[in-house]
Each structure stands twice: as structure tokens, then as C-alpha cells.
Amino acid sequence: MIIANWKCNGSKEMMFSWFENYSKEIDCGDVPPTVGVAPPLIYFGYFNDENTSLRFVEWGVQDVDHLDESRTGAISVDMLIDMACDFSIIGHSERRQIFNENNNLIRKKLKSLNKRIMTILCIGETKEENDKGITKDVLKEQLEIVNGLELDTEFTVAYEPVWAIGSGLTPEPKDINEIHKYIKDVVQSNSENNLSPKVLYGGSVTDKNAESFFKEEFVDGALVGGASLDGTIFAKIVNIFNRTK
Ligand code: PGA
């Protein structure tokens with residue numbers, strides 16, 4: 001599964017060239033991997049309605065609110081369902097850091113999405129935490145979000161070390177693999193239905209390094225930020241995934 005997270009980037013014009021470039025480059029064969037794009041919310045409807053001819057692409061959002069009432073500026077899960085949204089990312093480190101979201105709130109979001117819209121929960125340690133050697137402790141605490149929940153079988157985790165996002169730095173593939181195994185084990189023992197989730201890697205994934213991650217056993221795909229803004233490069237990453245997995 002390869003997911004594009006466009007964050008707060010893009011324009012109508014950029015999207016036209018993205019579609020064109022992606023369509024030219026993509027070479028999925030008969031069994032395409034799951035590919036999802038999360039554009040800025042304001043463009044979401046445009047994608048979903050007008051461009052359904054873009055084969056094998058699912059459309060999602062980068063965040064959602066957990067309630068539907070008087071909450072100016074918010075978008076609810078019911079609205080996402082109304083718009084045939086395929087997935088929602090929650091808990092991205094930028095939401096945690098810039099918008100002060102904590103585990104408590106992110107758990108509420110997960111509960112309102114669970115079994116209704118496929119959820120991708122982002123977790124990851126900071127540079128300081130990594131240096132201190134407490135990565136697994138940090139991830140375990142972030143994964144408390146799933147405690148006691150009967151998770152949708154499509155529930156997915158994205159492991160995104162904060163220090164790898166947009167920095168050009170990444171952990172070693174074998175270290176990512178070990179962490180992914182750990183995440184699967186923690187979710188399996190903490191969730192009510194003992195679900196072993198898919199785990200995507202995110203943080204400076206490009207068409208140059210993607211293969212080294214996809215070769216690892218427990219890497220089930222990628223969440224791609226910067227490199228997903230170019231349709232050609234994103235399609236290359238999808239093609240590499242298709243060849244490697
Ligand atoms: P990046 O972002 O690929 O630009 O590092 C990944 C993300 O934040 O999801």
C-alpha cells in the first residue's frame with residue numbers, strides 16, 4: 001500500500017499535471033497495489049468526482065474531527081462517508097506538534113473512524129528520543145490509542161520517525177523492519193481482536209531509496225510526503241513497490 005500525503009501543498013494547476021504524469025508513468029500490471037492520495041481537503045471532492053477514471057487510486061484525507069456539532073472549521077466522519085472517502089490519516093506528527101493533538105484526542109478520532117473509514121494512524125519518535133534509545137517506549141505509549149478497541153481489519157499504522165520527515169534522513173532499512181515487527185506485536189497484544197496491522201514506513205521516501213525499504217519483510221508500503229507531489233516520481237515509487245512485494 002502506497003499513500004501520498006500532499007499536506008498543505010498543491011493547486012488546481014498542479015493537479016492537472018500530476019494526473020497526467022502519474023498516468024503516463026504508472027505500470028501496475030494485473031494486480032495493482034493499493035494506492036491512495038490524500039490531497040488538501042479543499043481539493044478532495046474534485047478528485048473523487050471528476051477523476052474516477054484514474055484507475056486504482058483511492059482518495060483520502062489528512063485528518064478528520066471526531067464529532068459533528070457546532071465546531072467551526074471541522075469536517076466529520078459522516079461527511080467523509082457522504083463524499084465516498086476511502087481513508088483518513090490521523091495522528092501525523094505535524095498535527096501533534098503544530099496543532100497540539102495528543103493521544104487522547106487521536107484515540108477519539110480513531111474510535112469515530114473505526115469500521116467506517118479505513119484509518120492510517122501515524123506514530124514516530126523525535127530525534128532526541130531516538131538518540132536516547134527510547135524509540136520503542138515512545139511508540140508503545142503512542143500505540144496505547146488502540147488499547148481495548150476491536151479494530152477494523154484494514155486498520156493501518158504508519159511509522160514515521162519525526163526526524164526523518166522532510167529531512168532526507170532515514171533509519172536503516174533493517175532497523176525499520178525491526179520497529180515494524182514491534183508495532184505489529186504491540187497492536188496485536190493491545191487490541192481487543194488481536195489485530196496484526198499493516199505497517200507503512202514514512203519519512204523521506206523517494207524513488208531512489210524505496211526499494212531498500214520494500215525489500216524488508218514487515219514493511220507493507222509507504223506514506224510519502226514530498227516525493228508524492230510529483231506524479232511521475234510517485235508513480236515510480238508505486239511501480240517499485242509492485243515489483244518488489
Ligand atoms: P516526507 O513526509 O516524505 O516529505 O518526509 C512524509 C510524511 O510526513 O508523511
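Read the numbers this way: they start at 1 and go in the same order the structure lists the ligands and their atoms. Predicted model, so just to flag it, every value in this text is computed and none were measured.
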Student: Please tabulate, one line per pair, the protein N or O atoms found under 3.5 Å from any N or O atom of ligand 1, giving the distance to one decimal.
Tutor:
| unit_1 | atom_1 | unit_2 | atom_2 | d |
| --- | --- | --- | --- | --- |
| ligand 1 | 2 (O) | K7 | NZ | 3.4 |
| ligand 1 | 3 (O) | G225 | N | 2.8 |
| ligand 1 | 4 (O) | G226 | N | 2.8 |
| ligand 1 | 5 (O) | G166 | N | 2.7 |
| ligand 1 | 5 (O) | S204 | N | 2.7 |
| ligand 1 | 8 (O) | K7 | NZ | 2.7 |
| ligand 1 | 8 (O) | H92 | NE2 | 2.7 |
| ligand 1 | 9 (O) | H92 | NE2 | 3.3 |
| ligand 1 | 9 (O) | E160 | OE1 | 3.3 |
| ligand 1 | 9 (O) | E160 | OE2 | 2.7 |

Student: Under the salt bridge (charged side-chain N to carboxylate O under 4.0 Å, His left out) test, which residues partner K184, sequence neighbours left out?
Tutor: D220
Student: Side chains of H92 and E160 only: does a donor on one sit below 3.5 Å from an acceptor on the other?
Tutor: yes
Student: Check side-chain hydrogen bond (donor to acceptor under 3.5 Å, both in side chains) between N239 and all other residues, then give those that pass, not counting sequence neighbours.
Tutor: none
Student: Is the closest side-chain heavy-atom distance between V35 and F241 below 4.5 Å?
Tutor: no
Student: Rest of the hydrophobic cluster containing L200 (Ile/Leu/Val/Met/Phe/Trp/Tyr, side-chain heavy atoms under 4.5 Å)?
Tutor: M1, I3, F87, I89, M118, I120, L223
Student: Give, for atom CG of N5 and atom CD of Q62, the distance between the pair rounded to the nearest 0.5 Å.
Tutor: 4.5 Å
